[in-house]
2 protein chains.
Amino acid sequence: MYSLAEENYLKTIFHLEKECEGGVSTNAIAVKMDTKPSSVTDMVQKLAEKEVLLYKKYKGTQLTKTGKKIAANVIRKHRLWEVFLVEILNFPWDEVHEIAEQLEHVKSDELISRLDKYLDFPDFDPHGDPIPDKHGKIKPSEKKLLSDLEKNQRGICVGVKESNSEFLQYLDKRKIAIGSKIKVLGKEFFDGSMMIQVGRNQLFISKIIADNIYLKTN
Amino acid sequence: MYSLAEENYLKTIFHLEKECEGGVSTNAIAVKMDTKPSSVTDMVQKLAEKEVLLYKKYKGTQLTKTGKKIAANVIRKHRLWEVFLVEILNFPWDEVHEIAEQLEHVKSDELISRLDKYLDFPDFDPHGDPIPDKHGKIKPSEKKLLSDLEKNQRGICVGVKESNSEFLQYLDKRKIAIGSKIKVLGKEFFDGSMMIQVGRNQLFISKIIADNIYLKTN
DNA sequence: AATAAATATTAGTAGTATCTAAAATAATGT
DNA sequence: ACATTATTTTAGATACTACTAATATTTATT
C-alpha cells in the first residue's frame, strides 16, 4: 500500500515522463510538486528501494512497470472522479481538480469499478484527457487544432493556444469551454472558416479562432 | 483545517459522549480507535490547545461547541457518502463503512452540498442513522426496531443493526430494502415472531430478524 | 580546460502521529 | 485505611515527510 505522498510523487513523475525523455530530473519534480529538490531526492530514494522507479544519483528517475501501473491507477481514479463531479454533480469544469486530487487517493478497487460502470465507462475526463483502463493502459489520443479537423470529425475542447481575455470572453459567450464537445459541420476551403456544433448550438467561426482551440479526438 | 487524525479523534469522542455522560475516558477512546492510551493523551492535549475539547488530567474530555460541530460535519459526510455508495453505486450495506471512512475526510463544502442535493437530502444513512444537517444539528430520530412495533403499526425501513452478508441476502430475497414500507399484521406473544406486509407481499419473520431492522415511524 | 552557474545530494532539524516503558494518579477490595 | 489493581500521563524513541544549509556533481561559458 502506498502513502498519499508516494502516490503523488508517482503520479507527477508519470506525467513528466511523457515530456522529458530519458529520465525525469529532480528539479522538474520539485517544481511540479511545489516542493524542494532535497525533499524529492529523499522520496525518490525511498521509492527506488520499493522498486517502483529506477534512480541513479544525479541522473534522474524512471518509473518501473510497477510504478507506472500504480501511477496510471491514481490518474484513472482522478479522472473518473472528475467525470463524476462534472457530469453527475454538475460542477463547473474548472472547479473539480482540487477535489479530485483528494478523491484519487481513496482506496477501493470495487468503488472505482462501480463508479466506472455508473458513469458508463467514459474514455475521457472533462478536460479531454484519456482515462486509463484498470490495467493502466491509456488509449492513444492526439491533441489537434480545431482548424485541422475535417467535416464530421468530433473532439473535446482541451485548451487554447492564445489565452488573452478577449479571446476567452469570445469563447465564453459562445459556450465553448474546456470539456465542450465540438463537431465540425462544415469547412470552407478558401478561408478555413467553419460551421461547428458546440453542445446543442451551431455557430460559425473564422480560421483565426479555429487555429487557437485545441481538441482531443478519438 | 483539521488533519485526518484529528478528525477521527473528534468523531470518536463525539460518538462516545452519547454513551458516557460527563467526560469521555482516555481508555475508552483508545479502545474504540484501536490505539494506545498514551497516543490518546498526546492528541487530546493537542486538541485541547486548539479549543475543540476540554481536558483535565485524569478526568477525561468533553467536546466544546466547536468540536461538536466539526465532529458532526465529519459524520454528516460519512453518512451522505454511505447513502451514495448504497443507493447510487448499489454497494451492499455492509461494504460501505470502510470506504466512507476515507471519503468523509475529503474537504469541500461545495461537494457535500451538491452530493446532498443529488441524493435528494436524505435524513438517514443505510444503517438507519440520522444524517446531521450542515450546521451539525441531528434530527431526534424516531428510529425504532421492527420488533418494538405493535400490530397495525407502520414504518419505513431506514437501516439494519447487524449487517452480515447472510442477513442482507435474507432481506434482499424478501425485497426488504431501505425505503420499504412495512406494516405489522400480527405479532406472537411467546416468541416475538411477526407477520408483516412489505409492499404488496406478506411474510413471516422471527424475532431475531425483527430485532435487526430499523424503521422510521410517523 | 578552467571557471561560473545550475542542478542534485547529504546532513542535520522539525512537525505529526505513533509507540514502549516507567511513573503518577485514581479506583477498588479487604 | 492500606495495599492492590486499573487507569492515565510522561519521557523518550521511531517512522514519515518536509525543510535549510552545506557540499558535491554536472553543465555551460569564456
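Computed from a predicted model, the values in this text were never measured in an experiment.
- Pairs of residues two or more places apart, or lying in two chains, never qualify as ring pair (Phe, Tyr, Trp, His ring centres under 6.0 Å) while including a residue from residues 4-41 of chain B.
- In this structure, CG of A/Asp34 is placed 12 Å from C1' of D/dA18, rounded to the nearest angstrom.
- For B/Lys36 and D/dT14, the NZ to P distance is 18 Å, given to the nearest whole Å.
- Salt bridge present: B/Glu7 and B/Lys107 bring a charged side-chain N and a carboxylate O closer than 4.0 Å.
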Which donor-acceptor pairs under 3.5 Å do side chains of residues 73-82 of chain A form with protein atoms, sequence neighbours excluded?
unit_1, atom_1, unit_2, atom_2, d
A/Arg76, NH1, A/Pro132, O, 3.0
A/Arg76, NH2, A/Asp116, OD2, 3.2
A/Lys77, NZ, A/Glu104, O, 3.3
A/Lys77, NZ, A/Val106, O, 3.1
A/His78, ND1, A/Glu104, OE1, 2.7
A/His78, NE2, A/Glu82, OE2, 2.9
A/His78, NE2, A/His97, ND1, 3.3
A/Arg79, NH1, A/Pro130, O, 2.6
A/Trp81, NE1, A/Leu103, O, 3.4
A/Glu82, OE1, A/His127, ND1, 2.9

Base versus backbone protein contacts along nucleotides 1-10 of chain C [heavy-atom cut-off under 4.0 Å; B, S, -]: ------SSBB
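- A straight line from CE of A/Met43 to C1' of D/dC19 spans 14 Å, rounded to a whole angstrom.
- Whole-Å rounding puts the A/Tyr2 OH to D/dC16 C1' distance at 16 Å.
- Applying the salt bridge (Lys or Arg N to Asp or Glu O under 4.0 Å) test to every pair with at least one member in residues 205-218 of chain A, sequence neighbours left out, gives these pairs: A/Asp129-A/Lys216, A/Lys207-A/Asp211.
- Rounded to an integer number of Å, the gap from A/Leu4 CG to D/dA18 P is 9 Å.
- Listed by chain and number, the residues in a salt bridge (Lys or Arg N to Asp or Glu O under 4.0 Å) with B/Glu6 are B/Lys46, B/Lys50 (sequence neighbours excluded).
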Sequence neighbours excluded and cut-off under 3.5 Å, please list the side-chain donor-acceptor pairs for residues 24-34 of chain A, or say none.
unit_1, atom_1, unit_2, atom_2, d
A/Ser25, OG, A/Ala28, N, 3.0

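- The distance between atom CE of B/Met33 and atom C1' of C/dT18, rounded to the nearest whole Å, is 12 Å.
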